[in-house]
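Worksheet: one structure, shown below.
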Amino acid sequence: MEQLRIKGGARGPHGAIAVPGDKSISHRAIILGGLAEGVTEVSGCLRSEDCQRTLGALRALGVEADGWEGDLLRIYGKGLRGLREAADTLDCGNSGTTIRLLAGVLAGQPFLSVLTGDASLRRRPMDRIIRPLTQMGAEIWGRAHDTLPPLAVRGGSLIGVTYRCPVPSAQVKSAILLAGLFAEGPTTVIEPAASRDHTERMLTAYGQRVERREREVTLIPAGTLHATPISVPGDFSSAAFLLVAGLILPDSDLTIEGVGVNPTRTGLLEVLQAMGGKVQVLPVDEKIGEPRAHLRVRASRLRGVTVGGDLIPRLIDEIPVLAVAAACAEGKTIIRDATELRVKESDRIRTIAGELGRMGVRLEELPDGLIIHGGRRLQGARCESHGDHRVAMALTVAGLQAEGETIVLDTACIRTSFPGFVETLERLFPDALERRG
Ligand code: S3P
């Protein structure tokens, strides 16, 4: 089993660095590229295991693609009616985005598809997509009374619906909107709080009519998707690990270049700034409706904050590393309204509380969040990733700050979202990391 050994007491990082392409945007570019008429060139496409699962599934459904050439992927779209039944099950690996978004596409296809994944994915709730997609007219079966993967999807003629999501989830919203491409009439999704809106922005770039009000989006399907070049910005969720490392380590002055700063993703920036973190946003440009900026971070004295409500969906993936920042801050940080963390790649409330607890952090687990008592020096420890990439990377950042050595076990999962994470840290912190296994 792969593991990372991290020497604690690292000095802060300096200079400039880039992070790989945004995972959410890359998945969507691959899917919409496969459904478009014409050739989609995706530059900056994230070549992680999760995105490779999406591409593999589309290839199994008849889509051709060249790549990757570096981070360029060329997809030969089949058009909305061009997919064909796959000869085998579609293995989505660890990727919730792959299984849920593809289920939306497959709900509109006149053939049978079976979607499965690894042990973690097979524990994640799928009733949240099965309910709306069956309302639209698809037939979907799953394990555990139609709640868990594997899923069998028999698609067909769909009708547009208005669906009120019980939880804010971009994966659910996107599954419904993608099914809406194949439906008769408009499809509306209403969310309890705004989730990331990359699907809406990209559908617009592909020539679809998307009408938006605050927590509501309507797709009026326009038939053909027209291929368009996609330039993927750096992944804010990957940059988050470097941002926090920059804040909590002494003397740092690091610029992370070309990061996507779509406001539905950057809740962490607001929280870190409210904690006293010195983070500057230097805008660069906007492509396919996605803004990009350089982020400059300097070592800072942080203080605890309270985080909850509508902000949560805008930083949901960053809570593991926010917990590390909170552990290094003066005073108490309270995170509420984040029950969704319990159904991520691991139960992140439990895994973060348990693993940071091993490093000497005082935390209280709440049903919907965490209370973190910051200010004590972290202690190096032997920690588990629980197969969760974001837990593995957050613990690695914690290990850089800690006193003594930290071992993070089971780190192969990092490749699902941030290939090159270890190499990036090796560049910023020469001699601090050792890879085993
Ligand atoms: C994602 C949506 C979020 C997020 C996940 C990626 C997406 O999940 O946590 O990492 O690409 O749509 P939920 O939709 O379950 O909130």
Side-chain angles (χ1 to χ4, degrees), residues 20-32 45-46 48-51 53-54 92-105 117 120-121 123-133 147-149 163 165-178 189 191-203 215 217 232-233 235-241 260 262 264-268 290 310-322 337-349 352 368 388-394 413-414 416-418:
D22 185 275
K23 180 153 77 74
S24 289
I25 298 176
S26 298
H27 280 297
R28 287 154 173 82
I30 295 168
I31 294 172
L32 293 185
C45 194
L46 175 64
S48 75
E49 283 177 3
D50 277 11
C51 296
R53 293 291 182 183
T54 295
C92 304
N94 190 243
S95 176
T97 309
T98 305
I99 196 166
R100 294 196 177 113
L101 269 58
L102 281 181
V105 171
S120 152
L121 192 65
R123 284 193 292 269
R124 296 183 65 187
M126 295 298 145
D127 39 331
R128 51 180 62 193
I129 53 157
I130 294 178
R131 221 171 294 121
L133 296 176
T147 60
L148 298 176
Y163 189 76
C165 285
V167 288
S169 161
Q171 291 175 356
V172 173
K173 175 176 61 178
S174 302
I176 300 168
L177 292 175
L178 290 171
V189 184
E191 294 191 285
S195 65
R196 63 189 68 188
D197 64 359
H198 305 299
T199 302
E200 295 89 309
R201 290 180 192 229
M202 202 179 287
L203 281 170
R215 291 176 187 178
V217 52
V232 181
D235 197 324
F236 182 85
S237 297
S238 297
F241 299 102
N262 176 323
T264 61
R265 291 287 298 282
T266 52
L268 180 75
E290 297 284 355
D310 287 2
L311 187 57
I312 293 295
R314 299 177 50 231
L315 50 62
I316 189 74
D317 289 346
E318 285 63 74
I319 291 176
V321 79
L322 172 59
D337 306 317
T339 315
E340 275 294 296
L341 288 177
R342 296 213 178 264
V343 291
K344 294 292 178 189
E345 287 82 332
S346 69
D347 173 347
R348 287 184 177 157
I349 295 178
I352 296 162
D368 64 342
D388 184 327
H389 54 133
R390 301 207 196 278
V391 173
M393 290 186 274
C413 52
I414 291 172
T416 61
S417 70
F418 193 164

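In each ligand, atom 1 is the first atom listed, and ligand 1 is the first ligand listed.
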Exercise for the section: For the residue pair Cys165 and Pro192, establish whether any side-chain heavy-atom pair is separated by less than 4.5 Å. Expected result: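 Cys165 vs Pro192: side chains touch.
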Handout entry: Pairwise side-chain contact, Glu191 with Val172, heavy-atom cut-off 4.5 Å (strictly under)
Key =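 A side-chain contact under 4.5 Å is absent here.
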Problem - Amino acids in close contact with ligand 1, where any non-hydrogen atom sits under 4.0 angstrom away - result: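 For ligand 1, the residues that come within the 4.0 Å heavy-atom cutoff are Ser24, Arg28, Thr97, Arg100, Ser169, Ala170, Gln171, Arg196, Ile316, Asp317, Lys344.
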Practice task
Please list, chain by chain and in numerical order, all residues satisfying salt bridge (charged side-chain N to carboxylate O under 4.0 Å, His left out) with Arg28, sequence neighbours excluded.
Solution key: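 Not a single residue meets the salt bridge (charged side-chain N to carboxylate O under 4.0 Å, His left out) criterion with Arg28.
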Problem - Presence of salt bridge, Arg348 and Asp388, under 4.0 angstrom - result: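 Between Arg348 and Asp388 there is a salt bridge, with a charged N closer than 4.0 Å to a carboxylate O.
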Problem - Ion pair Lys23/Asp317, N-O distance below 4.0 Å - result: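 No, Lys23 and Asp317 are not salt-bridged.
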Exercise for the section: Identify the residue among Glu345, Arg53, His389 that makes a side chain to side chain contact (heavy atoms under 4.5 Å, CB included) with Thr416. Expected result: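 Answer to the side chain to side chain contact (heavy atoms under 4.5 Å, CB included) test with Thr416 among Glu345, Arg53, His389: His389.
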